[in-house]
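Predicted model only: the values in this text are computed from it and were never measured.
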Amino acid sequence: MNMIAGEKKSSSGFCLHNGGSQFIYYVPKENHAIDPRMPKEARGKMMTGQWYDPFTGSFGEPFREQITQWPRFIRPQSEGFQILILEIE
């Protein structure tokens with residue numbers, strides 16, 4: 001999987017993406033939430049996601065939800081940054 005950086009894909013943080021359906025977001029510890037900017041053509045489709053804590057090596061529970069114009073995800077409590085992994089189905 002080739003990931004590229006660039007293009008503002010969220011309200012804050014940093015995103016790697018494959019130019020299609022896969023997104024990996026770095027969410028700073030200072031952020032309470034992240035608002036990913038999903039492609040317009042993806043609205044109404046479903047996406048799956050999962051949080052990853054690189055400090056403990058643990059994954060959160062996977063989730064699935066419909067893509068809206070302004071999706072928002074609350075960052076899990078932790079002492080450091082978190083990673084949000086999203087994929088459009």
Side-chain angles (χ1 to χ4, degrees):
M1 156 174 60
N2 291 328
M3 302 299 270
I4 56 176
E7 303 175 23
K8 191 69 175 156
K9 298 282 187 189
S10 65
S11 57
S12 62
F14 181 78
C15 179
L16 294 174
H17 60 94
N18 68 352
S21 63
Q22 297 173 329
F23 303 83
I24 300 173
Y25 295 92
Y26 162 84
V27 185
K29 70 177 182 177
E30 296 80 13
N31 288 42
H32 169 71
I34 187 167
D35 305 309
R37 293 191 177 121
M38 306 305 283
K40 286 183 182 180
E41 61 273 6
R43 287 184 195 152
K45 293 182 180 179
M46 298 303 290
M47 68 177 153
T48 56
Q50 194 168 27
W51 286 97
Y52 174 68
D53 184 336
F55 297 97
T56 64
S58 62
F59 285 90
E61 289 295 317
F63 58 86
R64 184 173 185 256
E65 62 181 65
Q66 189 172 29
I67 299 170
T68 62
Q69 182 177 356
W70 304 108
R72 172 166 231 168
F73 300 98
I74 306 300
R75 188 182 68 79
Q77 290 291 335
S78 72
E79 294 298 316
F81 67 89
Q82 294 280 310
I83 303 295
L84 176 61
I85 304 162
L86 296 176
E87 185 165 8
I88 299 170
E89 295 180 0

Among pairs that include at least one residue of residues 59-68, which meet side chain to side chain donor-acceptor pair (under 3.5 Å), considering only residues two or more places apart or in two chains?
R64-E89
Is the shortest side-chain heavy-atom distance between L16 and I4 below 4.5 Å?
no
Grab the two heavy atoms, one from Q50 and one from P62, that are nearest each other, plus how far apart they are.
NE2-CG, 3.7 Å
Q82 side chain near P28 side chain, heavy-atom distance below 4.5 Å:
no
When you group the ILVMFWY residues by side-chain heavy-atom contacts below 4.5 Å and let the links chain together, are I74 and Y25 in the same group?
no
Would you say the side chain of C15 lies within less than 4.5 Å of the side chain of I24, judging by non-hydrogen atoms?
no
For a quick test of reading the model, state the closest non-hydrogen atom pair linking I88 to G20 and the distance between them.
CD1-O, 4.3 Å
Separation of S78 OG from D53 CG (nearest 0.5 Å):
5.0 Å
Are I34 and L84 side-chain neighbours, meaning at least one heavy-atom pair lies under 4.5 Å?
yes
Counting distance only, does the side-chain N/O of N18 pair as donor-acceptor with the main-chain N or O of S21 below 3.5 Å?
yes
What heavy-atom pair brings A33 and R72 nearest, and what distance separates the two atoms?
CB-NE, 3.3 Å
So, using side-chain hydrogen bond (donor to acceptor under 3.5 Å, both in side chains) as the criterion, who are the partners of E87 when residues are at least two apart?
Q22
According to the ring-ring contact (aromatic ring centres under 6.0 Å, His included) rule, which pairs have a member within residues 46-81, sequence neighbours left out?
Y26-F81, Y52-F59, F55-F81, F63-F73
Neighbour count above 12 (heavy atom, 6.0 Å) for E79 CD
no
What side-chain donor-acceptor pairs closer than 3.5 Å can you find for residues 38-46, not counting sequence neighbours?
none

Residues forming a side chain to side chain contact (heavy atoms under 4.5 Å, CB included) with R37, sequence neighbours excluded:
K8
Residues two or more places apart in sequence or in another chain: which of them pass side-chain hydrogen bond (donor to acceptor under 3.5 Å, both in side chains) with T48?
none
